Amino acid sequence: MSDQLSQPAKGAPERTASDMSPTTRQVTAGLARRYAAEKRFRLYGMFAIAASLAFLALLLISIVSKGLPAFTQTYMQLDVPLELETLGIDQQTVDGLLDGSISTQAIRRANFNGAIRQGMRERFPEVEGRSATRALYKLVSSGAEFDLAARVMDDPSVLGNRLTLWLPSDDEIGALVKQRADLSAPDTLVTRLDDQAIAWGAELKDAGDFDVRFNTTFFKNGDSREPELAGIRAALVGSAYTLLITFVLSFPIAVAAAIYLEEFAPKNRWTDLVEVNINNLAAVPSIVFGLLGLAVFINFFHLPRSAPVVGGIVLSLMTLPTIIISSRAALKSVPPSIREAARGLGASDLQVVFHHVLPLAMPGILTGTIIGLAQALGETAPLLMIGMVAFIVDIPQGVTDSATVLPVQVYLWADSPERAFTEKTSAAIMVLLAFLIAMNALAVMLRKRFERRW
Amino acid sequence: MIHSMSTTTISDILTPPVHPTGLNGEEQMDTAFDDIKGTVGTQTVDDPKMSAHGVDVFYGDKQAIFDVSLDIGNNEVIAMIGPSGCGKSTFLRCLNRMNDTIPTCRVSGSMSLDGQDLYDPSLDPVLLRARVGMVFQKPNPFAKSIYDNVAYGPRIHGLAGNRAELDDIVTESLKRAGLFDEVKDRLDSPGTGLSGGQQQRLCIARTIAVSPEVILMDEPCSALDPIATARIEELIDELRQNYAIAIVTHSMQQAARVSQRTAYFHLGKLVEVDDTNSVFTNPQHELTENYITGRFG
């Protein structure tokens with residue numbers, strides 16, 4: 001458009017400066033400069049877009065490339081002898097299990113680990129000596145016994161027989177297998193394993209006893225000291241509970257506050273004061289809210305420590321001003337003609353607000369809410385103050401159970417020394433981003449439903 | 001009927017840059033302002049529907065209306081004309097207490113509907129607005145379906161006992177607003193999707209669905225083209241059979257066409273009010289004559 005305008009019309013008679021009016025002369029002289037300025041500005045804009053896209057791509061590529069291995073897990077095939085003697089189960093118990101008179105819970109604490117170790121010893125009969133066998137046992141994850149226990153409790157008839165099954169391998173050897181590293185050349189590998197362990201790994205690999213599968217453990221388990229057993233579930237559920245509390249508390253309170261301030265409150269010094277304070281509250285550093293939560297909700301009201309309910313309350317305090325401010329802006333942007341129309345028909349003030357103003361302001365209110373909740377989802381500092389930084393293995397079953405949240409989990413894993421936690425950290429960030437995108441998608445859907453023309 | 005557009009433009013040009021409240025600079029601006037001692041013409045009618053007596057309106061410290069007394073009769077259309085900022089819209093909005101929402105607005109004097117004081121604390125403004133409906137300058141349908149737009153008033157007031165009755169009210173109102181034939185196949189489509197003229201008729205249908213006794217119209221045709229304006233004017237003429245109508249307009253032709261009586265406001269004062277014919281053919285006050293002949297000031 002501007003390019004066309006900047007070209008002189010074709011076929012127009014040449015005009016000399018002398019037969020132009022002063023205005024025409026002045027405008028013509030300045031035209032080129034104006035279009036150049038516009039072109040420059042467009043270039044700046046495109047550069048800005050390109051730069052931000054590049055940074056975003058850099059971030060995503062780095063996270064995804066680091067985090068992807070965490071979604072797979074190396075499994076190792078092992079033939080496990082389930083001898084009653086090793087397991088510490090007597091024949092009477094087995095009979096009871098088989099005819100159903102004894103609950104399978106009775107063998108929950110049997111020595112399945114011993115059975116796995118026996119299996120490992122049989123797989124590598126040449127290994128001797130205390131330290132060598134201990135190194136050998138370390139190839140299998142310490143969580144493998146739970147998998148075995150689950151299998152046996154599922155079908156007690158295998159007791160006394162042999163069972164061939166895939167067990168999770170330890171994180172160090174697992175990482176090498178996932179990377180398709182050349183186990184025959186131990187010197188080239190970056191690992192904490194010694195050459196002997198790598199040789200065993202190579203033997204297993206050559207026998208086809210390693211398999212890389214999708215890591216369901218990551219989505220089923222809570223945190224663990226062992227990377228191959230650590231999962232995101234506890235943090236994910238903790239985040240969901242915390243956000244639920246935050247939403248349930250902050251959305252109705254904030255919308256009610258915004259409606260009252262915008263539609264009903266008299267405009268005087270007190271409401272001005274309230275408004276200034278709400279705006280200031282939005283700028284308070286989040287850790288201050290954490291201190292407040294610790295002092296008031298935990299120490300004074302004795303709410304449970306590390307619990308989503310306290311986290312949710314603290315994050316609500318933080319989110320409230322954001323939602324109030326954006327809701328007020330949304331309410332303010334509803335055309336006054338709609339209010340007048342409803343009032344002119346004899347609608348009461350409350351009916352005007354709830355039948356007409358609020359539905360039209362809803363998209364804006366939802367946008368503000370989602371911004372506030374996204375902030376709350378990514379918040380770490382205040383939650384550290386109220387103890388949600390704890391090492392949580394169990395999936396929280398309710399809002400009063402101890403829990404942690406995704407960003408805190410990222411922080412905890414980033415701090416862990418095991419190499420395999422690096423990929424877990426990136427994977428946790430990916431889960432956090434996915435959670436955020438899912439939340440935003442929901443908000444966009446809700447917006448679409450509420451959005452109406454006027 | 002077609003030249004209403006051009007008259008709007010002319011009156012806009014003619015409109016002097018008066019201060020909205022008529023207080024600041026009134027001396028140098030308009031010497032004639034001091035000449036407005038009282039109202040010329042007949043302010044009262046027999047058996048008035050609404051009646052205003054000695055009404056003063058203030059916005060904060062500024063006085064917008066000075067001592068206006070005016071009756072609105074049954075089954076008549078009274079047009080209120082005058083330059084911008086002369087207080088005609090303010091006066092109209094006082095008649096159903098729409099100015100209540102402006103915190104600084106103060107009304108003194110007496111206004112009544114069927115002899116009942118409008119500003120009596122015992123009178124509920126919600127009830128008043130159900131009896132005195134209003135149509136605004138800009139068509140402002142709700143962001144709802146055509147049906148729901150018309151049904152909204154009857155719904156909140158509980159005027160319909162069941163769905164069938166509500167259907168009847170909606171159909172009847174749309175018919176009387178002359179819109180039914182155009183929208184009967186798409187009552188569920190949004191009211192905001194209609195053209196400007198249709199939207200304004202929808203707003204009128206919405207107003208008459210509540211069965212008010214008086215309809216106030218604040219420049220209902222200023223956003224419409226001449227053809228839509230003509231339809232609205234025909235509609236106003238039909239509605240007169242059942243309602244008292246007060247209409248504020250910038251178009252003198254429109255005032256002459258639709259009204260039985262005309263009131264000329266100037267700087268917050270009611271200068272002249274009389275039968276439309278005599279106001280336009282034989283204006284008594286100099287200001288009125290200057291305004292309607294387009295020779296202002």
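All values derive from a computational prediction rather than experimental measurement. Every chain is numbered from 1, with letters handed out A, B, ... down the list of sequences.
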A:His355 side chain to B:Ile156 backbone, donor-acceptor under 3.5 Å: no
Side chain proximity check, B:Thr101 to A:Arg343, heavy atoms < 4.5 angstrom: yes
Greatest number of heavy atom pairs closer than 4.5 Å to chain B - which of A:Ser337, A:Ser348, A:Gly346: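 Option with the greatest count: A:Gly346.
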Salt-bridge criterion met for A:Glu340 and B:Lys138 (N-O under 4.0 Å):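 Salt bridge: no.
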For atom [atom1] of [X], decide whether the heavy atoms of other residues, nucleotides or ligands shown that lie under 6.0 angstrom number more than 12.
X       : atom1 : value
A:Leu53 : CG    : yes
A:Gln26 : CD    : no
A:Phe41 : CZ    : no

Top of B:Met134, B:Arg131, B:Met98, B:Gln137 for chain A proximity - count of heavy-atom pairs under 4.5 angstrom: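 That would be B:Met98.
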Distance-minimising heavy-atom pair for A:Ala341 and B:Phe142: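 Taking A:Ala341 first and B:Phe142 second, the nearest heavy atoms are CB-CE2, 3.7 Å.
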Residue pair A:Leu345 / B:Gly153: nearest heavy atoms and the distance that separates them: CD1-N, 4.4 Å
For [X], is it the side chain, the backbone, both or neither that has a heavy atom under 4.5 Å from a heavy atom of chain A?
X        : value
B:Val135 : neither
B:Arg97  : neither
B:Val210 : side chain

Interatomic spacing from NZ in A:Lys267 to OG1 in B:Thr104 - rounded to 0.5 Å: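 Nearest 0.5 Å value for the NZ-OG1 distance: 13.0 Å.
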